[in-house]
Amino acid sequence: MLKQIRPAIVMVVATTVLTGLAYPLAMTGAAQALFPHQANGSLVEKDGKVVGSSLIGQNFATDGYFHGRPSATTGTDPNDATKTISAPYNAANSGGSNLGPTNSSLITRIKGDAATLQAQNPNLPVPMDMVTTSGSGLDPDISPDAAYFQIPRVAKARNMDEAKLKAIVDAAVESREFGVLGEPVVNVLALNQALDASMKQ
């Protein structure tokens, strides 16, 4: 019987060491050596302080900043640990709302958000990504149309010329990956940082 048990134990230990220790350490070391910025979370710094990640959206809510997509992520209610509350862009609890396209709560929310946005800029149709959440709830990007749509609101809040603001958005548009993959996007954190920097000039 020992003849059968011994090889099994050796295989379990060897597999655990290889796949549970050696491989993860090798991949971590390679990632740190080849892509240290990405491996450490693609962190964004301002004046020496980390202000976010280029991979995770933030809840910009004031009129003077460009807003990202709605986020359906939640967090624990500080007043009652058995309940959850809305916590936009909660990286510890990634997820969508899981509401289907015929769900009345989803339809009501989208109609309400669309009406609010349309009142801010009645000259353009509301871009779909301004009223729909992403599957992760953490999407850091918006479409160029969504950024251009917000120009009148941001320009008014900052008492800024819309043409100057459009030039900032133009510069923030990231084209398709390798020219063919995906769609053009605007990283909201990067755009708002560029906006802040332009106010200092």
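Along the sequence shown, residues carry numbers from 1.
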Participant: Of the non-hydrogen atoms in Thr132 and Pro70, which two are nearest, and what is the gap between them?
Facilitator: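 Shortest heavy-atom separation between Thr132 and Pro70 comes out as O-CD, 3.4 Å.
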Participant: Is it true that a side-chain atom of Gln58 and a backbone atom of Pro88 form a donor plus acceptor pair closer than 3.5 Å?
Facilitator: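 Between the backbone of Pro88 and the side chain of Gln58 there is no qualifying donor-acceptor contact (under 3.5 Å).
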Participant: Identify the two heavy atoms, one from Thr133 and one from Ala72, that lie closest to each other, and give their separation to 0.1 Å.
Facilitator: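 Taking Thr133 first and Ala72 second, the nearest heavy atoms are CG2-N, 3.9 Å.
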Participant: Measuring from atom NE2 of His67 to atom OH of Tyr65, what distance do you get when rounded to the nearest 0.5 angstrom?
Facilitator: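 If we round to the nearest 0.5 Å, His67:NE2 and Tyr65:OH are 10.5 Å apart.
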Participant: Give a yes or no answer on whether the side chain of Arg109 reaches the backbone of Val131 with a donor-acceptor pair at less than 3.5 Å.
Facilitator: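 Checking the backbone N and O of Val131 against the side chain of Arg109, a donor-acceptor pair under 3.5 Å is found.
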Participant: Donor-acceptor check, side chain of Thr73 to backbone of Tyr89, threshold 3.5 angstrom: yes or no?
Facilitator: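 Checked: pair present.
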Participant: Mind checking who shares a hydrophobic cluster with Tyr23, ILVMFWY linked at side-chain heavy-atom distances under 4.5 Å?
Facilitator: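 Direct or chained contacts put Tyr23 with Met27.
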Participant: Are Ile5 and Val13 linked, directly or through intermediate hydrophobic residues, by side-chain heavy-atom contacts shorter than 4.5 Å (ILVMFWY only)?
Facilitator: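 Hydrophobic grouping puts Val13 with Ile5.
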Participant: Taking it one step at a time, do Phe66 and Val186 satisfy side-chain contact (heavy atoms from CB on, under 4.5 Å)?
Facilitator: CA-CA 10 Å; Phe66 288 87; Val186 175; over 6 Å; no
Participant: When you measure from the side chain of Asn187 to the backbone of Ser54, do you find a donor-acceptor pair of N or O atoms at a distance under 3.5 Å?
Facilitator: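 Side chain of Asn187 to backbone of Ser54: a pair is present.
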Participant: Do any N or O atoms from the side chain of Thr108 and from the backbone of Ser105 form a donor-acceptor pair under 3.5 angstrom?
Facilitator: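 Answer holds: no.
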Participant: Can you tell me how far CD1 of Ile168 sits from CD of Gln193, rounded to the nearest 0.5 angstrom?
Facilitator: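 So the gap between those two atoms works out to 13.0 Å.
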Participant: For Tyr148 and Val173, which heavy atoms make the closest approach, and how far apart are they?
Facilitator: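 Residues Tyr148 and Val173, closest heavy atoms: OH-CG2, 4.0 Å.
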Participant: Could you grab the distance from atom CG of Leu117 to atom CD1 of Ile110, nearest 0.5 Å is fine?
Facilitator: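 Spacing of CG (Leu117) from CD1 (Ile110) equals 11.5 Å.
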Participant: Restricting to non-hydrogen atoms, name the atom on Gly68 and the atom on Ile142 that form the minimum distance, rounded to 0.1 Å.
Facilitator: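 The answer is CA-CG2, 3.8 Å.
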Participant: Any donor-acceptor pair under 3.5 Å linking the side chain of Ser71 with the backbone of Gly137?
Facilitator: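 Yes, Ser71 side chain to Gly137 backbone: donor-acceptor pair under 3.5 Å.
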Participant: Hey, could you give me the CG/NZ distance between Asp196 and Lys46, rounded to the nearest 0.5 Å?
Facilitator: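 Result: 4.5 Å between the selected atoms.
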Participant: For Pro127 and Ala146, which heavy atoms make the closest approach, and how far apart are they?
Facilitator: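 So the minimum-distance heavy-atom pair works out to CG-CA, 3.6 Å.
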Participant: Using 0.5 Å steps for rounding, measure from the CD1 atom of Ile56 to the OG atom of Ser136.
Facilitator: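 Between atom CD1 of Ile56 and atom OG of Ser136 there are 9.0 Å.
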Participant: Just wondering, do Leu55 and Leu138 contact through their side chains at under 4.5 Å, heavy atoms?
Facilitator: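 Leu138 does not reach Leu55 side chain to side chain.
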Participant: Indicate the atoms forming the closest heavy-atom contact of Ser198 with Met160, along with that distance.
Facilitator: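 Shortest heavy-atom separation between Ser198 and Met160 comes out as OG-CE, 3.7 Å.
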Participant: Among Asp139, Asp113, Asp129, find the residue that satisfies the salt bridge (Lys or Arg N to Asp or Glu O under 4.0 Å) test when tested with Arg69.
Facilitator: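 Going through Asp139, Asp113, Asp129 one by one, the salt bridge (Lys or Arg N to Asp or Glu O under 4.0 Å) with Arg69 is satisfied by Asp139 alone.
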Participant: Say you draw a straight line from OG of Ser143 to CZ of Phe149; how long is it, rounded to the nearest 0.5 Å?
Facilitator: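 Going from the OG atom of Ser143 to the CZ atom of Phe149 covers 11.0 Å.
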Participant: Does Asp161 have more than 12 heavy atoms from other residues, nucleotides or ligands lying within 6.0 Å of its CG?
Facilitator: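 Yes, because the 6.0 Å sphere around CG of Asp161 holds more than 12 heavy atoms from other groups.
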Participant: Are any non-hydrogen side-chain atoms of Glu162 and Pro152 less than 4.5 angstrom apart?
Facilitator: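 Of all side-chain heavy-atom pairs linking Pro152 with Glu162, at least one is under 4.5 Å.
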Participant: Flag the pair Arg176 / Pro184 as yes when at least one side-chain heavy-atom distance between them is below 4.5 Å, and no otherwise.
Facilitator: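 SC-SC contact between Arg176 and Pro184 confirmed.
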Participant: Are Ile9 and Leu18 connected in a single hydrophobic cluster, I mean Ile/Leu/Val/Met/Phe/Trp/Tyr linked by side-chain heavy atoms less than 4.5 Å apart?
Facilitator: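 No.
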